[in-house]
Asker: 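Can you read through this structure? Questions will come right after.
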Amino acid sequence: MKRNHRRRGWSGHGRGSRPYMNKAQRDKANAAAAAKKRELPFSDEVSKYEKMAKIGHGTFGEVFKAKHKLTGKIVALKKCLVQDANEGFPITLLREIKLLKLLKHNNIINLIDICTTEATQFNSYKSNVHLVFDFCEHDLAGLLKNPNVKFTLGEIKKIMQMLLNGLYYIHRNQMLHRDMKPANVLITREGVLKIADFSLARDFSPAVIPQGNCYTNNVVTLWYRPPELLLGERDYGPSIDLWGVGCIMAELWTRIPIMQGHTEQHQLNVISHLCGSITPEVWPNVDMKYKLYQKMQLPKGQERKVKDRLEAYVEDPYALDLIDMLLVLDPAKRTDSDSALNHDFFWFDPLPSDLTNMLSTHNTSMFEYLSPPRHRPQEPPKQNRKSAITSQLVFDRVF
Ligand SMILES: Nc1ncnc2c1ncn2[C@@H]1O[C@H](COP(=O)(O)OP(=O)(O)OP(=O)(O)O)[C@@H](O)[C@H]1O
Ligand SMILES: [Mg+2]
């Protein structure tokens with residue numbers, strides 16, 4: 001008697017059975033399921049905003065000026081690319097969102113919303129996440145690149161005060177920014193400074209633990225990276241951000257980054273030429289602490305010239321003194337944001353003054369992304385030019 005074999009499995013029609021899928025269909029279904037898993041609950045579609053212009057481009061995405069279609073509110077949309085559909089929600093982005101949600105301060109960028117684009121076969125099931133921020137009219141890099149923007153001493157004091165206030169708040173909340181640089185410092189039309197870009201930020205433990213913390217040292221854009229990170233430090237703290245503040249402060253006068261290395265070794269050379277040789281005399285134990293100290297060829301016999309080199313640009317002695325205290329090689333001796341805010345620089349005439357009037361004379365947005373590339377370093381001002389020119393020959397790419 002002929003037995004009637006009925007194929008079982010995927011082609012069956014019983015309860016729980018699924019229609020047969022080939023590999024391509026299975027991959028597609030898996031990608032859709034992974035995208036579904038990655039979707040943020042309660043997040044809106046980004047289509048409620050209309051993009052107006054691209055204003056930034058970073059490692060992980062693009063930033064747009066955009067308008068809310070119903071309310072007309074102007075925002076900044078940071079589109080964060082989710083690389084692999086199967087990898088789940090990126091941990092770095094989760095960290096950025098978590099920190100941004102915790103930080104609420106007038107000098108920190110405000111995260112308004114998180115939006116997504118639906119994952120469909122048309123975007124290979126990559127549902128992009130968009131962080132929605134209050135829009136700021138300018139970034140400091142864009143402002144510094146525009147020679148028509150001129151800051152008075154009082155306005156520079158205001159910028160530095162707002163920057164240090166924001167950073168003090170970040171550090172008080174046991175977080176490190178880890179990417180201080182002018183492009184990450186935004187200024188609103190009303191002249192309020194906002195620290196932005198928390199994509200490299202992390203929380204830190206102030207407690208000293210015997211084995212030490214082990215954070216990555218591959219953070220901070222090279223020109224703003226402090227010597228301890230370049231030497232391989234992994235147990236660092238808030239002082240890493242204050243080095244960047246020192247570089248930014250000097251740049252408010254020089255209008256170009258003051259230490260432009262090409263590689264980590266070159267960055268250490270450039271730092272030594274300005275801040276003096278890195279030795280155990282100025283930085284106890286530096287030779288024992290870092291293996292790289294012996295491996296790298298660090299310039300010997302260099303004197304510290306921070307004040308001498310900068311006085312061609314910075315006339316205010318208090319300003320020079322504060323920059324000098326921020327650009328200290330040994331992180332343990334570098335000034336912190338609280339002491340910096342108490343420095344005489346902020347408390348002697350001219351006092352910090354509002355930026356609103358100066359900004360109101362400029363009616364276009366200034367962003368680093370929209371600025372023309374700079375080909376030549378800017379020359380120092382006429383007074384004291386001689387010493388600066390002689391140094392230019394000696395100090396390769398120290399402003
Ligand atoms: N809220 C905002 N308002 C106006 N412009 C902004 C705003 N946020 C970012 N931008 C502009 O976009 C640029 C890039 O943004 P951001 O620094 O957050 O990202 P990124 O550098 O691309 O980030 P990542 O380090 O994650 O690659 C900024 O330098 C600034 O010019
Ligand atoms: Mg940035």
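Start at 1 with the first residue, then count along the sequence. Ligands are counted one by one from 1 in listed order, and the atoms in each one are counted from 1 as well.
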Asker: For atom 13 (C) of ligand 1, what's the nearest protein heavy atom and its distance?
Answerer: Gly56 CA, 4.0 Å
Asker: Should the ring pair Tyr318 and Phe348 be called parallel, tilted or perpendicular, given that the plane angle runs from 0 to 90° and is split at 30 and 60?
Answerer: parallel
Asker: Please check: side-chain N/O of His105 versus main-chain N/O of Asn107, any donor-acceptor pairing under 3.5 Å?
Answerer: yes
Asker: Under a 3.5 Å distance rule, please check whether Asp139 uses its side chain to pair with a backbone N or O of Gly142 as donor and acceptor.
Answerer: yes
Asker: Please could you name the atoms of ligand 1 that Phe135 approaches to less than 4.0 Å, counting only its heavy atoms?
Answerer: 3 (N), 4 (C)
Asker: Under 4.0 Å from a heavy atom of Phe367: which atoms of ligand 1 are those, numbered in the order shown and with their elements?
Answerer: 4 (C), 5 (N), 31 (O)
Asker: What atoms in ligand 1 come closer than 4.0 Å to a heavy atom of Phe133?
Answerer: 1 (N)
Asker: Is a donor from one side chain sitting under 3.5 angstrom from an acceptor on the other, for Glu251 and Tyr313?
Answerer: no
Asker: Checking Gln265 side chain against Gln297 main chain: does a donor-acceptor pair fall under 3.5 Å?
Answerer: yes
Asker: Check the angle between the aromatic planes of His177 and Phe198 and answer parallel, tilted or perpendicular using the 30° and 60° thresholds.
Answerer: perpendicular
Asker: Would you kindly say whether Tyr236 and Glu228 are connected by a side-chain donor-acceptor distance under 3.5 Å?
Answerer: no
Asker: Using a cut-off of 2.8 Å, how many protein N, O or S atoms lie below it in distance from the Mg ion (ligand 2)?
Answerer: 2
Asker: Could you tell me which atoms of ligand 1, counted from 1 in the order shown, lie closer than 4.0 angstrom to a heavy atom of Ala76?
Answerer: 1 (N), 2 (C), 3 (N), 7 (C)
Asker: Is Cys136 close to ligand 1, meaning an N/O of one under 3.5 Å from an N/O of the other?
Answerer: yes
Asker: Lys78: heavy atom below 4.0 Å from ligand 1, yes or no?
Answerer: yes
Asker: List ligand 1 atoms under 4.0 Å from Asp139, heavy atoms only on the residue side.
Answerer: 29 (O), 30 (C), 31 (O)
Asker: Indicate whether any N or O donor in one side chain lies under 3.5 Å from an N or O acceptor in the other, for Thr221 and Asp179.
Answerer: yes
Asker: Using distance alone, with no hydrogens and no angle criterion, decide if His343 and Asp321 have a side-chain donor and acceptor under 3.5 Å apart.
Answerer: yes
Asker: Could you tell me the residue and atom name of the protein heavy atom closest to atom 22 (O) of ligand 1, and the distance to it rounded to 0.1 Å?
Answerer: Gly58 CA, 2.8 Å
Asker: In the protein, what heavy atom is nearest to atom 26 (O) of ligand 1, and what distance, to one decimal place, separates them?
Answerer: Ser199 OG, 2.9 Å
Asker: Quick one: does Asn184 get an N or O within less than 3.5 Å of an N or O on ligand 1?
Answerer: yes
Asker: Looking only at protein heavy atoms, identify the closest one to atom 29 (O) of ligand 1 and say how far it is in Å.
Answerer: Ala183 O, 2.7 Å
Asker: In the protein, which heavy atom is nearest to atom 27 (O) of ligand 1, and how far is it?
Answerer: Thr59 N, 2.7 Å
Asker: Atom NZ in Lys48, atom CG in Asp113: separation rounded to 0.5 Å?
Answerer: 4.0 Å
Asker: Can you tell me the protein heavy atom closest to atom 1 (N) of ligand 1 and the distance?
Answerer: Asp134 O, 2.9 Å
Asker: Is the shortest distance from a heavy atom of Tyr369 to ligand 1 less than 4.0 Å?
Answerer: no
Asker: Going by the side chain to side chain contact (heavy atoms under 4.5 Å, CB included) test, name the single residue among Val306, Val270, Val282 that passes it with Cys275.
Answerer: Val306
Asker: Are Asp336 and Ser339 close enough that a side-chain donor and a side-chain acceptor fall under 3.5 Å?
Answerer: yes
Asker: So, the side chain of Arg178 versus the backbone of Val220: is there a donor-acceptor pair under 3.5 Å, distance only?
Answerer: no
Asker: Suppose I only count heavy atoms of Leu186 and a 4.0 Å limit; which atoms of ligand 1 are within that range?
Answerer: 1 (N), 2 (C), 3 (N), 6 (C), 7 (C), 8 (N), 30 (C)
Asker: Is it true that Glu137 and Thr188 share a donor-acceptor pair across their side chains at a distance under 3.5 Å?
Answerer: no
Asker: If only atom types and distance count, is the side chain of Tyr293 paired as donor or acceptor with the main-chain N or O of Asn285 below 3.5 Å?
Answerer: no
Asker: Nearest protein heavy atom to atom 15 (O) of ligand 1, by residue and atom, and its distance?
Answerer: Val63 CG2, 3.4 Å
Asker: Please indicate whether any nitrogen or oxygen in His57 is less than 3.5 Å from any nitrogen or oxygen in ligand 1.
Answerer: no
Asker: Donor-acceptor pair, Arg304 side chain versus Asp324 backbone, under 3.5 Å?
Answerer: yes
Asker: Indicate, as side chain, backbone, both or neither, the part of Asp197 found under 4.0 angstrom from ligand 1 when only non-hydrogen atoms are considered.
Answerer: both
Asker: May I ask you to check whether Glu96 has an N/O atom sitting below 3.5 Å from an N/O atom of ligand 1?
Answerer: no
